[in-house]
S.K.: 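Here it is: the structure, laid out below.
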Amino acid sequence: MPMTTVDASTPNYVLIDGTLRIGPKVVSLDTGLECSAIYGFSDKGPYDKFCANSQQSLKPYPLVRGYLRNQSDAPGDRLELVVIDAASPSDPYLYAATIEAVLEAQESRAAHVTAAYRLVFEQQAEAYRVEEASV
């Protein structure tokens, strides 16, 4: 079932485990395009809630424009997403924006970014399937 886009608060933080930015496991798109995602958070409240619902020992870290630019400019055909304000690592649905959209929102100091993707957890794959929103 297609979803519509969602306006979400622009993420400014990620969670790191050691030195790695973490995100949900996603399956490749039906088109065969590789996809990856990191968790992004707009403020302290949402990442505190996520951490309270997680078994991992995670720390917040600024989602810096340099990192977003590097990911956006990386060679290859892949979809890079930022999941916005997830409540836990086991949410059945997550909403995400592209790294490019988050970078643009940060550079223009926009309070919101369009989450044009929804991730749906699939039990069999133990990963999220990515759905593109319809406008």
Side-chain angles (χ1 to χ4, degrees):
M1 164 168 59
M3 63 160 264
T4 56
T5 60
V6 173
D7 279 338
S9 297
T10 299
N12 296 302
Y13 304 95
V14 293
L15 290 175
I16 59 173
D17 183 12
T19 59
L20 300 174
R21 290 163 183 85
I22 64 161
K25 180 179 173 190
V26 294
V27 295
S28 295
L29 301 173
D30 292 338
T31 61
L33 188 66
E34 287 291 318
C35 183
S36 63
I38 60 171
Y39 290 114
F41 298 91
S42 58
D43 207 347
K44 185 173 178 0
Y47 66 70
D48 281 347
K49 182 176 184 179
F50 183 93
C51 288
N53 291 318
S54 175
Q55 301 289 324
Q56 294 176 283
S57 177
L58 305 169
K59 296 181 219 165
Y61 189 80
L63 181 57
V64 294
R65 291 181 205 147
Y67 169 79
L68 294 171
R69 261 189 225 102
N70 288 342
Q71 296 303 307
S72 178
D73 293 342
D77 287 338
R78 60 184 295 118
L79 178 62
E80 305 245 4
L81 300 174
V82 178
V83 172
I84 303 169
D85 291 340
S88 81
S90 59
D91 279 350
Y93 300 102
L94 302 169
Y95 293 92
T98 63
I99 279 189
E100 294 84 4
V102 172
L103 176 60
E104 185 178 312
Q106 282 191 353
E107 287 179 336
S108 65
R109 296 183 176 8
H112 294 92
V113 64
T114 300
Y117 294 88
R118 179 173 73 168
L119 284 66
V120 180
F121 190 73
E122 292 192 343
Q123 275 308 105
Q124 285 183 316
E126 294 185 10
Y128 286 89
R129 175 177 38 87
V130 177
E131 296 178 348
E132 192 169 357
S134 59
V135 187

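Keep in mind that what you see is a predicted model, and the values were worked out from it rather than measured.
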S.K.: Considering all heavy atoms of both residues, which atom of Val83 and which atom of Pro24 are nearest to each other, and what is their separation?
M.R.: CG2-CG, 3.9 Å
S.K.: Under the rule for salt bridge (charged side-chain N to carboxylate O under 4.0 Å, His left out), what residues qualify as partners of Glu122, not counting sequence neighbours?
M.R.: Arg129
S.K.: Using 0.5 Å steps for rounding, measure from the CD1 atom of Ile38 to the CD atom of Gln71.
M.R.: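 Separation between the atoms: 7.5 Å.
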S.K.: According to salt bridge (charged side-chain N to carboxylate O under 4.0 Å, His left out), does anything in residues 15-29 pair up with another residue at least two apart or in another chain? List the pairs.
M.R.: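 Found none.
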S.K.: With distance as the sole test, does Gln106 use its side chain to make a donor-acceptor pair with the main-chain N or O of Pro11 at under 3.5 Å?
M.R.: yes
S.K.: Set out, in order, the CA-CA distance, both residues' side-chain angles and the distance that settles side-chain contact (heavy atoms from CB on, under 4.5 Å) for Phe50 and Leu58, then state yes or no.
M.R.: CA-CA 10 Å; Phe50 183 93; Leu58 305 169; 3.8 Å; yes
S.K.: Rounded to the nearest 0.5 Å, how far does OH of Tyr128 lie from CG of Leu94?
M.R.: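 Going from CG on Leu94 over to OH on Tyr128, the span is 4.0 Å.
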S.K.: Any side-chain to backbone donor/acceptor pair from Thr114 onto Ala116? Under 3.5 Å, distance only.
M.R.: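 Answer holds: no.
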S.K.: Under the side-chain hydrogen bond (donor to acceptor under 3.5 Å, both in side chains) rule, what pairs show up with a residue in residues 37-50, not counting sequence neighbours?
M.R.: Ser42-Asp85, Lys44-Asp48
S.K.: Sub-3.5 Å donor-acceptor pair from the side chain of Ser108 to the main-chain atoms of Glu104, do we have one?
M.R.: yes
S.K.: At their closest point, which heavy atom of Ala110 faces which heavy atom of Thr10, and how far apart are they?
M.R.: O-OG1, 2.8 Å
S.K.: Can you tell me how far apart OH (Tyr117) and CD (Glu132) are? Round to the nearest 0.5 Å.
M.R.: 4.0 Å
S.K.: Test side-chain contact (heavy atoms from CB on, under 4.5 Å) on Leu81 and Leu119 and set out the steps.
M.R.: CA-CA 10 Å; Leu81 300 174; Leu119 284 66; 4.2 Å; yes
